[in-house]
**Q** 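Provided herewith is a single structure, encoded as structure tokens, for subsequent inquiry.
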Amino acid sequence: MTNLSADPVDFLLTAVRLGVINEYQGLFALDILQEILMGTQKIHTTRQNMGLLDPAKINIIANGHMPLVAQTVIELASRPEWQDKARAAGAAGIQVLGHVCEGQQLMNYGGTQDMAAYGGQEGEWLSEEYLLATGCVDLFMFNYNCTVPTLPLYAKRFGATLVSTHEVIKLPGTETVEFIPERMSEQAGKILAMALEAYGRRKAENRQIYVPPYTTECTVGFSTEPVKAALGGTWQPLLDAIANGSIRGIATVVGCTTARYGQGGSNIFRIAKGLIAKDILVLAGGCTSAVMEYTGLTRPEAAEECGPGLKAVCRSLGIPPVLSYGACVDIGKMTHTAVELADALGVDTDKLPLVIGAPEYLEQKAVADACTAIALGWLVHVAPVPSVTGSDLVVKTLTETTATLGLGKLMVELSADKTVAIYADHIEQKRKELGLSSGPVH
Ligand code: SF4
């Protein structure tokens, strides 16, 4: 471009500097504002996956990254008048289920969890087409990011109504109910009326339905405040566990899923299993959270898969070894937790025994988030290979030079086993620099 710096090193270092802004004017600000409106995360046990679809009910899916409209739809649908309308149309009721990152937030926020019409969480972005193919999704509402462009074909074939709730994303032949905060209740009513109509068509067609009968239990709702509260209002128990070596360090495994490694999420799963076996506590965010949920790693019983140190900590606190912080935008809250830990230790963020990984990254947001992590001094692992390899200078700047400036650095590794080893080595190196025990306590 003509109006930006064309010096690649200056350009990249500026991007890293903007990473700080990405955290404090973007992610963290967004998270906090949403929590003010929708309630802070609350740790609880729930179920997720496609088996939550109920053919007898009107099923609405909320997809995207901005859960305000969806929460208003759930609130309205929870009222007896709308449940009565659903019954009058011949359904057993009406339920709204979350999907992708928006769903992770709906599942985690304390304000949504107990609403009667909230049906739970579906899955990660790769399952959108399968969801519609069940034949019993009546309405699929979506906003920013991660609605696949093939969806209108599936909606036509399997009968779902698609509704964009923001002007920034439109798909061919679908309706838009544009997000206007002052008119959200009215808009939610319109969306519910469209779902009722769609259900009427499903009944009239006597549509064939298949719902895979699978759900998984998961413990979710982790974030800075609920984790600190669960520890007794202080980070000290976690810091003690890190200091005595029961927990070697923390890996935040975040971001999207890709089918490049086979089943979406399979690399994420292998890495997470390898990390907890080495007593490294894992925080998850984004579609990565869905992978951790449907593979059972967010159940307290997953403690059995851990090394002895982390297993003992999880057992004593009754927590899983993978803590789901929710959406990819909840990286803002993970960073917040890390900053609080660094403050409690009296060190700068780059001293923490911490690694950030996006093992199946996809969305452009990952680039901004990687800049945030590098700015805060962390090792950032990404896979697949980012499209920067055409320039040796760019590769060197991102993988070496930034670290010489007291920043973090980027690391690319495709093998799950090697990734686990690199994370563990980095964490042990950071422990050494902090003067913490070098070998496992067990
Ligand atoms: S994690 Fe990635 S793929 Fe999943 S919803 Fe967020 S941006 Fe989309």
Side-chain angles (χ1 to χ4, degrees), residues 22-23 26-27 30-31 34 48-50 61-70 97-109 121-132 140-151 164-166 168-169 171 218 220 222-223 252-261 263-269 271-272 282-295 297-298 322-335 356-373 380-384 386:
N22 178 54
E23 169 64 13
L27 299 172
L30 171 80
D31 290 339
Q34 279 186 180
Q48 66 92 45
N49 217 336
M50 259 186 226
I61 303 289
N63 192 74
H65 288 81
M66 211 279 287
L68 290 179
V69 184
L97 302 113
H99 196 236
V100 303
C101 282
E102 176 156 323
Q104 291 294 340
Q105 293 198 316
L106 290 169
M107 177 161 65
N108 282 358
Y109 285 147
Q121 166 70 355
E122 282 303 322
E124 32 103 28
W125 78 281
L126 288 165
S127 58
E128 279 164 30
E129 292 156 340
Y130 301 114
L131 257 184
L132 262 55
F140 186 99
M141 53 187 280
F142 57 92
N143 50 63
Y144 312 103
N145 289 48
C146 303
T147 298
V148 294
T150 48
L151 228 47
S164 162
T165 56
H166 205 287
V168 297
I169 171 161
L171 294 176
C218 48
V220 296
F222 293 90
S223 189
T252 69
V253 184
V254 296
C256 316
T257 49
T258 172
R260 286 187 193 210
Y261 303 103
Q263 167 74 38
S266 45
N267 214 33
I268 291 166
F269 174 65
I271 291 170
V282 175
L283 311 186
C287 283
T288 291
S289 292
V291 175
M292 307 295 192
E293 286 152 13
Y294 64 61
T295 55
L297 291 177
T298 55
V322 175
L323 308 182
S324 169
Y325 266 52
C328 45
V329 285
D330 289 314
I331 290 170
K333 290 303 292 282
M334 294 180 187
T335 304
I356 314 291
E360 299 191 19
Y361 96 97
L362 166 92
E363 270 288 337
Q364 310 86 328
K365 285 178 289 175
V367 176
D369 298 342
C371 287
T372 299
V380 182
H381 163 238
V382 293

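Because the structure is a prediction, the values reported are computed rather than measured. If you read the sequence from its start, that first residue is 1, and numbering goes on from there. We count ligands from 1, going down the list as the structure has it; atoms in each ligand are counted the same way.
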**Q** List ligand 1 atoms under 4.0 Å from Gly286, heavy atoms only on the residue side.
**A** 1 (S)
**Q** Looking at Cys287, which atoms of ligand 1 are within less than 4.0 Å of one of its heavy atoms?
**A**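 Matching atoms, with element in brackets: 1 (S), 3 (S), 4 (Fe), 5 (S).
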**Q** Considering only heavy atoms of Cys256, which atoms of ligand 1 have at least one such atom less than 4.0 Å away?
**A**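 Near Cys256, meaning under 4.0 Å from one of its heavy atoms, ligand 1 has 1 (S), 2 (Fe), 3 (S), 7 (S).
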**Q** Under 4.0 Å from a heavy atom of Lys365: which atoms of ligand 1 are those, numbered in the order shown and with their elements?
**A**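 The list of qualifying atoms is 7 (S).
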**Q** Within the structure provided, determine whether Phe222 and Leu283 are in side-chain contact (heavy-atom separation under 4.5 Å).
**A**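 A side-chain contact is absent here, since even the closest heavy-atom pair is not under 4.5 Å.
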**Q** Does ligand 1 have an atom under 4.0 Å from some heavy atom of Glu102?
**A** no
**Q** Can you sort out which atoms of ligand 1 are near Gly255, meaning under 4.0 Å from one of its heavy atoms?
**A** 1 (S)
**Q** State, to the nearest 10 degrees, the angle whose vertex is atom 6 (Fe) of ligand 1 and whose arms point to SG of Cys101 and SG of Cys328.
**A**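 Output for this angle: 70°, rounded to tens.
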**Q** Flag Cys146 as yes if one of its N/O/S atoms falls below 2.8 Å of atom 2 (Fe) of ligand 1, otherwise no.
**A** no
**Q** Does a donor on one side chain and an acceptor on the other come within less than 3.5 Å for Asn143 and Glu102?
**A**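 The answer is yes; a qualifying pair exists.
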**Q** Any non-hydrogen side-chain atom of Cys328 less than 4.5 Å from a side-chain atom of Lys365?
**A** yes
**Q** Any side-chain donor paired with an acceptor under 3.5 Å for Thr150 and Glu129?
**A**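 Thr150 vs Glu129: donor-acceptor pair found between side chains.
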**Q** Would you mind running through ligand 1 and noting each atom that sits below 4.0 Å from a heavy atom of Val100?
**A** 5 (S)
**Q** Check the side chains of Glu293 and Gln121 for a donor-acceptor pair under 3.5 angstrom, ignoring hydrogens and angles.
**A** no
**Q** Which atoms of ligand 1 have any heavy atom of Trp125 under 4.0 Å away?
**A** 3 (S)
**Q** State, with a plain yes or no, whether a side-chain heavy atom of Glu124 is found less than 4.5 Å away from one of Tyr294.
**A**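 Counting from C-beta outward, Glu124 and Tyr294 do come under 4.5 Å.
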**Q** Hey, does Phe140 have a side-chain heavy atom less than 4.5 Å from the side chain of Glu128?
**A** yes
